[in-house]
Amino acid sequence: MLTLGLLTEALFGASQTVYGVLFLPVCVLTALWVREGDLLIAPVVVPIAFAMGLVPVADEGSGGTLDRLMGMVTGLATQAGWLYGGTLVAGVIVLVRRTGRVRQTRRTRQVRRVQPAGGGGRTARS
């Protein structure tokens, strides 16, 4: 997201709307690419990534530290819709993936209970 923020600043003049629109596909890719064991972390990482990428896009004012901080706070406040939307998209995708994984685990356990452990018994050879 930091790279995306830098590109947005360079190509579109620090347009926060363009940054927000580009943030949504990143949320989808994050939720799809995360490992199954780390599924619940995707909705947590997405807002952090949004804030990090907003640094180059946020208004700098006169360039001082407090001006940059106020630009970040203002950017987070005015772009909250993109942030919430992206987090929601990532959360829904993660829940769908997790539900599919839970169903697959249940089916595997049911199959193991139905099948005998030793392979079904001995067969006679002639």
Side-chain angles (χ1 to χ4, degrees):
M1 286 307 303
L2 184 59
T3 303
L4 192 60
L6 290 168
L7 286 172
T8 302
E9 180 186 19
L11 299 175
F12 301 104
S15 172
Q16 292 183 0
T17 304
V18 172
Y19 176 74
V21 169
L22 294 175
F23 174 68
L24 295 177
V26 171
C27 293
V28 171
L29 291 175
T30 300
L32 291 174
W33 286 345
V34 71
R35 296 181 308 160
E36 286 186 17
D38 297 333
L39 277 177
L40 297 179
I41 199 73
V44 175
V45 171
V46 165
I48 296 169
F50 183 85
M52 291 302 298
L54 194 61
V55 170
V57 180
D59 186 27
E60 299 174 5
S62 62
T65 304
L66 289 177
D67 290 334
R68 287 183 179 267
L69 183 60
M70 275 311 283
M72 279 293 297
V73 170
T74 303
L76 287 171
T78 59
Q79 302 303 313
W82 296 113
L83 176 59
Y84 292 149
T87 305
L88 180 66
V89 166
V92 168
I93 292 172
V94 163
L95 286 175
V96 168
R97 284 185 63 196
R98 184 154 173 95
T99 303
R101 178 68 179 147
V102 168
R103 287 182 182 166
Q104 181 183 8
T105 303
R106 286 182 183 163
R107 275 189 240 126
T108 303
R109 287 180 183 166
Q110 287 174 352
V111 168
R112 287 181 183 166
R113 272 189 253 142
V114 172
Q115 291 179 349
R122 296 183 182 184
T123 57
R125 292 188 173 178
S126 359

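All values derive from a computational prediction rather than experimental measurement.
Linking Ile, Leu, Val, Met, Phe, Trp and Tyr residues whenever their side-chain heavy atoms come within less than 4.5 Å places Leu40 and Val45 in a single cluster. In the hydrophobic cluster analysis, where Ile, Leu, Val, Met, Phe, Trp and Tyr join through side-chain heavy atoms closer than 4.5 angstrom, Val55 is grouped together with Val18. Under the 4.5 Å side-chain heavy-atom criterion for Ile, Leu, Val, Met, Phe, Trp and Tyr, Val28 and Val34 are members of distinct hydrophobic clusters. Hydrophobic clustering, with ILVMFWY side chains joined whenever heavy atoms are under 4.5 angstrom apart, groups Val21 together with Leu11. By the criterion of side-chain heavy atoms lying less than 4.5 angstrom apart, applied directly or through intervening Ile, Leu, Val, Met, Phe, Trp or Tyr residues, Tyr84 is not grouped with Val92; the two fall into different hydrophobic clusters.
Here the straight-line distance linking atom CG of Leu76 with atom CD of Gln16 works out to 9.0 Å at 0.5 Å rounding. Atom CG of Leu39 is separated from atom CD1 of Ile93 by 11.0 Å, given to the nearest 0.5 angstrom. Rounding to the nearest 0.5 Å gives a distance of 11.0 Å between CG of Leu54 and CG of Leu2. Once rounded to the nearest 0.5 Å, the distance linking OH of Tyr19 with CG of Leu6 reads 10.0 Å.
Nearest heavy-atom pair across Arg35 and Arg97 is C-NH2, 4.4 Å. Of all heavy-atom pairs between Ala31 and Ala90, the closest is CB-O, 3.7 Å. Contact between Pro47 and Thr87 at its shortest, heavy atoms only, is CG-OG1, 3.6 Å. Val46 approaches Cys27 most closely through the heavy-atom pair CG1-SG, 3.3 Å. Here the closest heavy-atom approach between residue Pro56 and residue Gly53 is recorded as CD-O, 3.2 Å. For the residue pair Ala42 and Val94, the shortest heavy atom distance occurs at CB-CG2, 3.7 Å.
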Residues Val26, Leu22; criterion side chain to side chain contact (heavy atoms under 4.5 Å, CB included); working and verdict: CA-CA 7 Å; Val26 171; Leu22 294 175; 5.9 Å; no

Does Leu4 form a side chain to side chain contact (heavy atoms under 4.5 Å, CB included) with Phe23? I'd like the steps, not just the answer. CA-CA 8 Å; Leu4 192 60; Phe23 174 68; 5.7 Å; no

Run the side chain to side chain contact (heavy atoms under 4.5 Å, CB included) test on Thr74 and Asp59 for me, step by step, so that the C-alpha distance in whole Å, both residues' side-chain angles and the decisive distance to 0.1 Å come before the verdict. CA-CA 8 Å; Thr74 303; Asp59 186 27; over 6 Å; no

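Within 6.0 Å of CE in Met72 there are more than 12 heavy atoms belonging to other residues, nucleotides or ligands.
For Ala49, the side chain to side chain contact (heavy atoms under 4.5 Å, CB included) partners two or more places apart in sequence, or in a different chain, are Met1.
Between Gln79 and Phe50, the closest side-chain pair of non-hydrogen atoms falls below 4.5 Å.
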